Amino acid sequence: MSKFLLRSCFIFILLFALGCSKDDVDHSDPNSFYSGAATNASSTDLVGYWAITEAEYEGTRIPIPINYTDCGRDFFVYRESGVYEEYVYTSSACETISSQLQWELDKGVLTMRTLSGSTDDLVIIKLTPTEFQFKARVDIDEDGELDVVVLIAKRYTPDEKDFYTQSFRYYDSDFNYELIGYTWQPYDGFHTFEKYEIYRSQGENCSKANAELVATITDVNETEYFDLEPPVSERLCYFLRIYTDQGVLGDSYLETFDPSYLRIAPVNLNEPTVTGNTISLSWDASDSPYFSHYEILVRNHEGGSGHGFQDKTVVTISDRETTSWVDENPPYFENPYYHIRVHTLFGYKTDYSTDATTYWQVPFKRPEILSLKEIKSYAIDPSEPVIYFWGQESGEGMTPLNMYRFNYDTHQIEAIANIDPQYDTNVPIKVIVSPNGKELIIKQGVELHFYDASTMQFKYAIDPETVFSIGDFNYDPLRDIWVISDSDDIFTLQRDNSTMSFIDTAPHFVEHQGSGRYKFIILNNGQIILGHRNETTSFVFDLDANGNFTGNQSVNIQFRQANIYEQEELMYNAAAGILVDSEPNRMYSSTTFQNLGSFEKPNFPTGLSADGSKIFGTDNDYEWNIDYDSPHKKEALIFDRNSSIVTTVETVGYPHILFENFRGELMSISSGLKRATLYRDLADTADIFIEKVDVP
């Protein structure tokens with residue numbers, strides 16, 4: 001027995017000893033201590049829990065009271081393994097001091113051995129199944145001489161307090177949420193440990209009542225539990241239960257865990273390789289127990305957010321051991337970024353990280369992609385697979401803005417203007433065939449600049465006579481005259497190579513529209529229709545064979561400006577003799593200017609077939625926000641005027657301008673990314689291409 005337990009009885013023995021004479025004690029005879037030993041004392045009777053209730057000194061018994069009523073008596077235990085343990089309460093909170101020794105019993109003498117090897121003897125003088133009396137030596141009065149006391153102990157069942165389950169908590173003190181795990185203090189009580197049990201419940205109403213046993217731990221020092229195969233639930237709950245040889249010691253509080261907090265480590269994406277028109281990716285495998293799937297995204301940006309930044313998921317892979325993938329259909333924009341994200345079963349996903357390389361920009365561009373990030377205007381060649389663009393090259397910052405001749409059969413830029421236009425203009429470029437050949441013309445200030453359409457070589461600049469500003473221009477092949485409008489008048493002119501001579505003029509709207517942008521269409525019946533987006537009516541001018549104005553009338557047709565840089569506000573087809581107002585989807589006769597009815601789709605018409613029987617367009621609204629969830633579709637819509645049937649055709653890209661070419665093929669100026677217009681660039685990225693739409 002250690003001195004801890006004796007000290008708990010010491011004050012009572014001392015008070016008694018001070019009132020007694022010790023003349024009868026013979027300290028000179030050490031054998032007197034061992035006299036009276038119960039040599040028949042059995043280890044079987046000794047094993048178990050005891051508490052000292054009395055002490056006997058000089059033949060008189062003294063009751064030993066309980067120090068802390070709420071805790072019970074100090075006690076000790078002899079175990080079959082030869083381990084002796086004693087527990088002394090030190091406060092009303094039932095905190096204990098414990099000590100451990102080894103014990104041996106031989107003919108009534110108990111030898112107690114410390115871990116350091118020192119020993120002390122106790123002499124059993126009585127041992128029954130319910131009572132244990134023994135002699136111990138202690139210096140009660142601190143005179144340097146050992147006194148012999150008899151201690152009387154009774155069988156005792158200690159009321160152990162549960163100090164352990166309250167320590168059950170999430171394992172990571174920094175709350176990094178990489179695992180679902182809990183830890184607790186090991187049981188070091190005075191009963192025999194049997195097991196820890198971990199219970200789990202789930203769902204909105206998770207509780208102890210509907211919890212299931214998920215782990216049983218029989219090693220007292222194993223005080224961590226990780227749930228590596230949890231159910232997929234919006235809420236998980238856990239609690240700890242401890243068992244000793246006395247039964248259930250206690251339960252912890254129910255700890256709630258929100259699995260959406262779980263984080264997963266990003267994986268390293270290796271540098272992609274390009275082989276022909278395919279891009280191969282590989283990456284490290286995820287080792288998270290909560291792995292759900294890999295997600296490969298293609299982006300036109302490195303990361304973060306910004307105008308035109310777009311992401312597209314190209315594949316998801318649920319097999320964690322699949323760590324490679326080949327993109328056999330790379331995106332239709334240049335130098336895409338490939339990102340890899342790892343998802344948990346509970347919805348979290350990785351993104352950017354300094355711990356792993358999660359993305360690469362791949363130097364790749366499909367041959368059909370134009371090297372232009374924006375197109376200010378375009379002109380479709382009437383007799384060749386060619387479109388002329390006035391646009392800006394891709395790349396960061398202020399890249400060159402020029403005019404290009406692009407062959408959509410060969411996907412080649414065949415020529416670039418040798419002198420790039422210096423002035424901005426909202427008047428679209430035009431390709432015109434006249435006695436001077438096929439030319440590309442762009443307005444520059446008060447001049448028209450002419451380029452050879454085949455070579456894109458600059459020919460000359462013409463300042464039209466008597467015209468002081470140019471709002472729109474075009475050529476009338478029937479009369480071989482040029483027509484120009486400004487904010488007040490419309491003019492006809494005769495061209496002689498590099499000069500344009502005045503023929504006639506006529507005023508149009510009385511109210512002056514400061515924004516300019518007066519538009520006109522030369523009709524094949526000797527008339528010109530002119531309008532403005534702010535005017536609800538238009539003017540129709542009559543001309544004679546020489547280009548002189550002979551009269552005009554007002555008609556209830558409006559030149560709308562749904563999207564000046566892409567969509568024709570008012571489309572004209574000479575073969576069918578119709579005008580199509582693209583905003584309300586209304587059709588008019590180009591001879592009588594009467595309303596011919598309307599159509600529902602496409603919502604945004606952009607072109608007509610050569611015979612005027614079909615209207616081409618899309619349902620993509622240029623006013624939609626450009627984001628991941630926007631409803632843009634890669635679809636072309638074809639309205640047949642004769643049958644009133646609308647046909648939907650899947651396209652490779654997002655269609656912007658649908659037109660029928662000189663071969664009768666339906667073509668589209670498309671973008672690989674969602675765009676409001678072709679005019680505004682997206683993150684300095686080239687993504688515009690010409691595709692043939694396969695009409696069934």
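All of these numbers come straight from a predicted model, not from anything done at the bench.
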Inset, instruction - Answer yes or no: is there an ion pair linking R61 with E56, defined by an N-O contact shorter than 4.0 Å? - result: yes
Inset, instruction - Sort out for me which residue in V342, T357, T350 forms a side chain to side chain contact (heavy atoms under 4.5 Å, CB included) with P266. - result: T350
Legend entry - L281 and V326: CA distance, side-chain angles, deciding distance, side chain to side chain contact (heavy atoms under 4.5 Å, CB included) verdict: CA-CA 6 Å; L281 292 84; V326 178; over 6 Å; no
Inset, instruction - Given side-chain hydrogen bond (donor to acceptor under 3.5 Å, both in side chains), test S98 with T96 step by step and report yes or no. - result: CA-CA 6 Å; S98 63; T96 62; 5.4 Å; no
Legend entry - Greater than 12 external heavy atoms within 6.0 Å of E328's CD: no
Legend entry - Y338 side chain vs I279 backbone, donor-acceptor pair below 3.5 Å: no
Inset, instruction - Verify whether one side chain among D251 and T165 offers a donor that lies under 3.5 Å from an acceptor in the other. - result: no
Inset, instruction - Say whether, by atom type as modelled, one donor and one acceptor occur between the side chain of T685 and the main chain of A683 under 3.5 angstrom. - result: yes
Legend entry - Side-chain (T275) to main-chain (T278) donor-acceptor, under 3.5 angstrom: no
Inset, instruction - Go through Y177 and D258 one step at a time and tell me if the side chain to side chain contact (heavy atoms under 4.5 Å, CB included) criterion holds. - result: CA-CA 10 Å; Y177 295 111; D258 184 345; over 6 Å; no
Legend entry - Centroid-centroid under 6.0 Å between Y170 and F257 rings: yes
Inset, instruction - Verify the neighbour count for atom OH of Y253: are there more than 12 heavy atoms of other residues, nucleotides or ligands below 6.0 Å? - result: no
Inset, instruction - Assess whether side chain to side chain contact (heavy atoms under 4.5 Å, CB included) is satisfied between D139 and D147, documenting all intermediate values. - result: CA-CA 5 Å; D139 185 4; D147 301 299; 3.9 Å; yes
Legend entry - Pair D619 + K633, salt bridge at N-O below 4.0 Å: no
Legend entry - Ring-ring centroid check F132 F134, cutoff 6.0 Å: yes
Legend entry - Under 3.5 Å donor-acceptor, Y290 side chain and I180 backbone: yes
Legend entry - Over 12 foreign heavy atoms within 6.0 Å of CD, E224: yes
Legend entry - Charged tip of K208 within 45° of F239 ring normal and under 6.0 Å: yes
Inset, instruction - Go through the steps for Q102 and E104 under the test side-chain hydrogen bond (donor to acceptor under 3.5 Å, both in side chains), then give the verdict. - result: CA-CA 7 Å; Q102 293 291 322; E104 293 179 359; over 6 Å; no
Legend entry - Atom pair OG (S286) and NE2 (H293), whose distance is rounded to the nearest 0.5 Å: 11.5 Å
Legend entry - Euclidean distance, Y243 OH relative to H191 NE2, rounded to 0.5 Å: 15.5 Å
Inset, instruction - Begin from the C-alpha positions of E178 and R263 and carry the test salt bridge (charged side-chain N to carboxylate O under 4.0 Å, His left out) through to its verdict. - result: CA-CA 5 Å; E178 293 180 351; R263 300 299 180 253; over 6 Å; no
Inset, instruction - Grab the two heavy atoms, one from L682 and one from G308, that are nearest each other, plus how far apart they are. - result: CD2-CA, 3.6 Å
Legend entry - Residues, nucleotides or ligands: over 12 heavy atoms within 6.0 Å of D319 CG: yes
Inset, instruction - Answer yes or no: does atom CG of L213 have more than 12 heavy-atom neighbours from other residues, nucleotides or ligands under 6.0 Å? - result: yes
Inset, instruction - Please check if the side chain of D174 supplies one atom and the backbone of N176 the other of a donor-acceptor pair under 3.5 Å. - result: no
Inset, instruction - Assess K135 against F33: is NZ or CZ under 6.0 Å from the centre of the six-membered ring, and within 45 degrees of the ring's axis? - result: yes
Legend entry - Sub-6.0 Å ring centroid separation between H343 and F291: no
Legend entry - D188 CG to Q100 CD distance, which is reported to the nearest 0.5 Å: 11.0 Å
Legend entry - H339-D311 side chain donor-acceptor pair, cut-off 3.5 Å: no
Inset, instruction - Please determine if E85 and R79 form a salt bridge, counting it only when a charged side-chain N lies under 4.0 Å from a carboxylate O. - result: yes
Inset, instruction - Keeping the roles fixed (side chain from K674, backbone from S630), state whether a donor-acceptor pair exists under 3.5 Å. - result: yes
Legend entry - Side chains of Y182 and D227, donor plus acceptor under 3.5 Å: no
Inset, instruction - Answer with yes or no whether the side chains of H307 and R680 bring together a donor and an acceptor at under 3.5 Å. - result: yes
Legend entry - Side-chain donor or acceptor of S42 paired with backbone N/O of T44 under 3.5 Å: yes
Legend entry - Presence of salt bridge, R235 and E204, under 4.0 angstrom: no
Legend entry - Gap separating the CD1 atom of I124 from the CG atom of L122, nearest 0.5 angstrom: 8.0 Å
Inset, instruction - Please confirm whether W184 and Y196 have ring centers closer than 6.0 angstrom. - result: yes
Legend entry - Whether R241 side chain and I198 backbone form a donor-acceptor pair below 3.5 Å: no
Inset, instruction - Can you establish whether the number of heavy atoms outside K161 located under 6.0 Å from its atom NZ is more than 12? - result: yes
Inset, instruction - Output yes when R299 and D351 qualify as a salt bridge under the 4.0 Å nitrogen-oxygen rule, no when they do not. - result: yes
Legend entry - Check against side chain to side chain contact (heavy atoms under 4.5 Å, CB included), S43 and W103: CA-CA 10 Å; S43 296; W103 65 273; 4.0 Å; yes
Legend entry - Ring-ring centroid check F226 Y171, cutoff 6.0 Å: yes
Legend entry - Ring centroid separation Y164 to Y187 under 6.0 Å: yes
Legend entry - Salt-bridge contact R341-E295 (side-chain N to carboxylate O under 4.0 Å): yes
Inset, instruction - To the nearest 0.5 Å, tell me how far N270 CG sits from S280 OG. - result: 12.0 Å
Legend entry - Under 3.5 Å donor-acceptor, T183 side chain and T223 backbone: yes
Legend entry - Gap separating the NZ atom of K195 from the CD atom of E222, nearest 0.5 angstrom: 14.5 Å
Legend entry - Derivation of the side-chain hydrogen bond (donor to acceptor under 3.5 Å, both in side chains) call for S394 and E334: CA-CA 9 Å; S394 63; E334 67 174 347; 2.8 Å; yes
Inset, instruction - Answer with yes or no after comparing the ring centroid distance for W50 and F75 against a 6.0 Å cut-off, counting only values under it. - result: no
Inset, instruction - Check for a donor-acceptor pair, side chain of T119 on one end and backbone N or O of R113 on the other, with a separation under 3.5 Å. - result: no
Inset, instruction - May I ask you to say whether D687 pairs ionically with R675, meaning some side-chain N is under 4.0 Å from a carboxylate O? - result: yes
